[in-house]
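Below is one structure, written out as structure tokens, with a few remarks after it.
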Number of protein chains: 2
Amino acid sequence: MNTRVTIVDVAARAGVAISSVSSALNNRPGVSEETRKRIVQAAQDLGFVPSLRGRSLSAKRAFAVGLVVHRDPYVLESDPFFGSFIGGIETVLDPRDYALILQMGSEPVETLDRYRSLAANRRVDGVFLSELGVDDPRVPLVRELGLPAIGVNAELDFPMPSVRQGHVEGIRELVAHFARLGHRRLALVTGPHEFIHAGQRRRAWSDAVTAEGLPGGEIVEGDFTYDGGVVAADRLLAGRAASERPTAVMCSNDLSAIGFMARAGELGARVPEDLSVAGFDGIQLGTYVRPTLTTIATTPRLLGLEAARMLLAAVDGERVADVDIEPARLVVRSSTGPAPVLR
Amino acid sequence: MNTRVTIVDVAARAGVAISSVSSALNNRPGVSEETRKRIVQAAQDLGFVPSLRGRSLSAKRAFAVGLVVHRDPYVLESDPFFGSFIGGIETVLDPRDYALILQMGSEPVETLDRYRSLAANRRVDGVFLSELGVDDPRVPLVRELGLPAIGVNAELDFPMPSVRQGHVEGIRELVAHFARLGHRRLALVTGPHEFIHAGQRRRAWSDAVTAEGLPGGEIVEGDFTYDGGVVAADRLLAGRAASERPTAVMCSNDLSAIGFMARAGELGARVPEDLSVAGFDGIQLGTYVRPTLTTIATTPRLLGLEAARMLLAAVDGERVADVDIEPARLVVRSSTGPAPVLR
DNA sequence: GACAAATACCGAAACGTTTCGGTTCTGTGT
DNA sequence: ACACAGAACCGAAACGTTTCGGTATTTGTC
């Protein structure tokens, strides 16, 4: 019973050749308006849906794109990024009848193999490259595999098209915010140096601090986790007199900022009275914790949307230009306040 | 240059017919050991990878399975479940050369359409049904579409094969834990009643409370979010004398428990001195907050692993039996303690 | 009314596998 | 020496589409 209706059924019902059906349904020229109507009608009557498999073989396309996430599941757990990012991707993929193939590799090596097998049997027509590392081995790999790819928040000299959300503006706003509040002793908690976006945020921070004419301040490396924030708070606050502690800290993502705040409280630093803390990302959780977290809000959904649009264009063989979406902006909430008066 | 090596190339090099190559490479009988070796060698020399598209068309299979997530991105954001769940799925899919197609629908209606189009062009060979609702419309739909499916944490009378992780044991352990600590005034914060697992946890709770001979206590409906926990804390604690407040509360997931704890603190209830709070899930965040969260720890990775194994079996036409994985167990941390002494 | 050009339509090949029926070959038993 | 079973191998069809070259038909021109 369950034999699907194919193009030959439609052709038979409309009394034409299958090539005509194909032309009619794909709006190719060379078929009269009259028969086109008849064919469309027949297709509709029979509930014809072109077989993806047939199309795929003939068109040499997979009609799918790939996203390989290489993260520890437990980091992913609290990661706001991919949910919204994927949501944005879907928005574009769906109307074009493309699908998203998701792979997860915890080990970096494993990840490379995923790309390799994705390419080997041509399961995808293109891939996203997100969470880029410095000298990321995936870049030469996809190039070698001849796989169209779009970089997400890549460096400016990235060798393939890339979509970016500016971080400079937001960070500059934050530093200005700190300066206006009278802070002089700043500190930064970075992400792991092997991620390029960690380095980007770090440089933007240093530039902004210099531009405001403030002292450089300490920089400690975190790891984008809650725990990393806790450890950073220990490094910057534990065993120090109030006068030696920084009064304003930016953490390179919200999760670590939240960990930082929690530990700061335990170490006797009240937020924001003694210490201002800000994050980066704009995750929901930041509006729930007390005090609510000042942050630089990103829009991963938009990033995904634009990335998908670009990838499909690249798959179609178009030359696609880099895109900069609306930069991440400062969102002031209650974890930042005036610098404490020194005794 | 980029023309892929196909089975005919292999056949030519080995000096045999393509049908023999196919037989040899798929370990079908009817080809001598000698020529099999020769064929395998030729395939290796040429770096032959069978085309998924060709196989797909011929075998009438997509070699992919689907997962449709229907959640608000912002709930997903803090959701530990899918990261690990998907990780578990991949473990099984990968060696079998299957891929996972992920779709996200925020609207329930949208979700149904996703399943429909997934089935219409046969993009997947089967799907997972997770986060089941009561009278979930997806069930009749996949049935009508003739799509193999596996339920995840479905009810016992679920009409298709399903993998479950027991929640009864852990909840019974938690209630016993509360009883042993001297708590008599209990309360439960549920999930939205339209999710079956919310109902399941609620019933298990009531049963366990009765079994321990404790008074029923209050039950308020939450929504699995941090905010829902905050609201529930207001409902149960605000404007009440200590003697009227519950002394032990279980929230139906960790995120809402964390929200509950935060608000409880603001309302002057110290955790765990005045009030014991427990969650359900076992997310990483629960080990970070202070006090660390007592919870009932689930293992979504195992759930995904088993679900994928079952789905592939179902796709192969096997009759697959339900599977119960190791139940979720109580993990006592520091958010629960002895009941306060009444004045 | 003849001829060229444009249009509508068709048939077959191509995409890369698997499968199935058929042919050739080898070896066994009589 | 012959029949015959079984193994090894082959050719072609099938899966469902798109594309391309070709033929028949219409239209337009002089």
Side-chain angles (χ1 to χ4, degrees), chain A residues 2-40 42-43 46-64 97-98 119-123 125 316-317, chain B residues 2-40 42-43 46-64 97-98 119-123 125 316-317:
Chain A
N2 214 347
T3 161
R4 287 166 55 73
V5 16
T6 84
I7 198 172
V8 311
D9 301 326
V10 178
R13 176 176 248 257
V16 296
I18 62 168
S19 51
S20 300
V21 177
S22 180
S23 296
L25 263 27
N26 295 308
N27 289 314
R28 301 253 178 294
V31 37
S32 72
E33 199 47 45
E34 185 189 10
T35 53
R36 183 188 303 273
K37 278 215 183 87
R38 192 153 35 95
I39 289 171
V40 169
L46 296 165
F48 169 67
V49 180
S51 150
L52 191 75
R53 309 210 231 292
R55 286 209 300 150
S56 192
L57 184 61
S58 178
K60 296 159 169 284
R61 284 214 190 181
F63 298 103
D97 256 316
Y98 260 72
N121 45 31
R122 291 283 196 265
R123 197 185 267 283
D125 298 327
D316 284 343
Chain B
N2 214 346
T3 162
R4 286 166 55 71
V5 17
T6 84
I7 198 171
V8 311
D9 302 325
V10 178
R13 176 175 249 256
V16 295
I18 63 168
S19 50
S20 299
V21 177
S22 179
S23 296
L25 263 27
N26 294 309
N27 289 314
R28 302 252 178 291
V31 36
S32 72
E33 200 46 46
E34 186 191 9
T35 54
R36 181 187 306 272
K37 278 217 183 85
R38 191 154 37 93
I39 290 170
V40 169
L46 296 167
F48 170 66
V49 180
S51 149
L52 192 75
R53 310 214 225 307
R55 286 209 301 149
S56 192
L57 184 61
S58 177
K60 295 161 169 283
R61 284 213 189 182
F63 298 102
D97 257 317
Y98 261 71
N121 45 32
R122 292 282 196 267
R123 198 185 267 283
D125 299 326
D316 284 343

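Labels below follow one simple rule: chain letters A, B, ... track the order of the sequence lines, proteins then strands, and each chain is numbered from 1. Being a predicted model, the structure only gives us computed values, none of them experimental.
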Q: Remember a base hit wins even if backbone is also touched, and classify Val49(B) as base, sugar-phosphate or nothing at under 4.0 Å, heavy atoms.
A: sugar-phosphate
**Q.** Minimal non-hydrogen separation, Ala64(B) against Arg123(A), with atom names
**A.** CB-NH1, 4.2 Å
Q. Got a donor-acceptor pair under 3.5 Å from the side chain of Ser58(B) to the base of dG16(C)?
A. no
Q) dG16(D) P sits how many Å from Phe63(A) CZ, rounded? A) 16 Å
Q: Answer with base, sugar-phosphate or nothing: what part of the nucleic acid does Ser56(A) contact at a heavy-atom distance below 4.0 Å?
A: nothing
Q: Measure across Ala43(A) and Leu25(A) and return the closest heavy-atom pair with its distance rounded to 0.1 Å.
A: CB-CD2, 4.3 Å
Q: Measure the distance from CG on Leu57(A) to P on dT17(C) and round it to the nearest whole Å.
A: 9 Å
Q.
Whole angstroms only, please: what is the CD1-P distance between Ile39(A) and dT18(D)?
A. 12 Å
Q. Shortest non-hydrogen contact from Asn121(A) to Pro50(B)?
A. CB-O, 4.2 Å
Q: Using atom CG of Leu52(A) as one end and atom P of dC15(D) as the other, report the distance to the nearest whole Å.
A: 18 Å
Q) Would you say the base of dG16(C) and the side-chain of Thr6(B) have a donor-acceptor pair closer than 3.5 Å? A) no
Q. What nucleic acid atoms does Arg53(A) come within less than 4.0 Å of, heavy atoms only: base, sugar-phosphate, or nothing?
A. nothing
Q) Hey, can you pull the residues of residues 21-33 of chain A with a non-hydrogen atom under 4.0 angstrom from DNA chain C? A) Gly30(A), Val31(A), Ser32(A)
Q) For Arg61(B) and dT19(C), what is the distance between atoms CZ and P respectively, to the nearest whole Å? A) 10 Å
Q) In whole angstrom, what separates Arg36(B)'s CZ from dC9(D)'s C1'? A) 13 Å
Q. Taking DNA chain C as the partner, which of residues 7-18 of chain B come within under 4.0 angstrom of it by heavy atom?
A. Ile7(B), Ile18(B)
Which pairs of donor and acceptor atoms, one on a side chain in residues 8-17 of chain A, lie under 3.5 Å apart (sequence neighbours left out)?
| unit_1 | atom_1 | unit_2 | atom_2 | d |
| --- | --- | --- | --- | --- |
| Asp9(A) | OD2 | Thr6(A) | N | 2.8 |
| Arg13(A) | NH1 | Asp45(A) | OD2 | 2.6 |

Under-3.5 Å N/O pairs linking protein and nucleotides 23-27 of chain C:
none

Q.
Run the ring pair (Phe, Tyr, Trp, His ring centres under 6.0 Å) test against Tyr98(A) and tell me which residues pass, sequence neighbours left out.
A. Phe63(A)
Q | Atom pair distance, as rounded to whole Å: CZ in Arg55(B) and P in dG16(D) | A | 18 Å
**Q.** Separation of dC9(D) P from Arg38(B) CZ (nearest whole Å)
**A.** 7 Å
Q. Is the backbone N or O of Ala120(B) less than 3.5 Å from a side-chain atom of Arg4(A), with the two atoms forming a donor-acceptor pair by type?
A. yes
Q: Specify the angle, to 10°, made by the local axes at the two ends of the helix from dG1(C)-dC30(D) to dT30(C)-dA1(D) when five pairs are taken at each end.
A: 50°
Q) Base, sugar-phosphate alone, or nothing: which one does Ser51(A) contact when heavy atoms must sit under 4.0 Å apart? A) sugar-phosphate
Q. Short question: side chain of Arg53(B), backbone of Arg122(A) - any donor-acceptor pair under 3.5 Å?
A. yes
Q.
Measuring from the side chain of Lys60(A) (C-beta onward, heavy atoms only), which nucleotide among dC9(D), dG11(D), dC15(C) has the closest atom?
A. dC15(C)
Q. Which heavy atom of Ser20(A) sits nearest a heavy atom of Ile39(A), and at what distance?
A. O-CD1, 3.8 Å
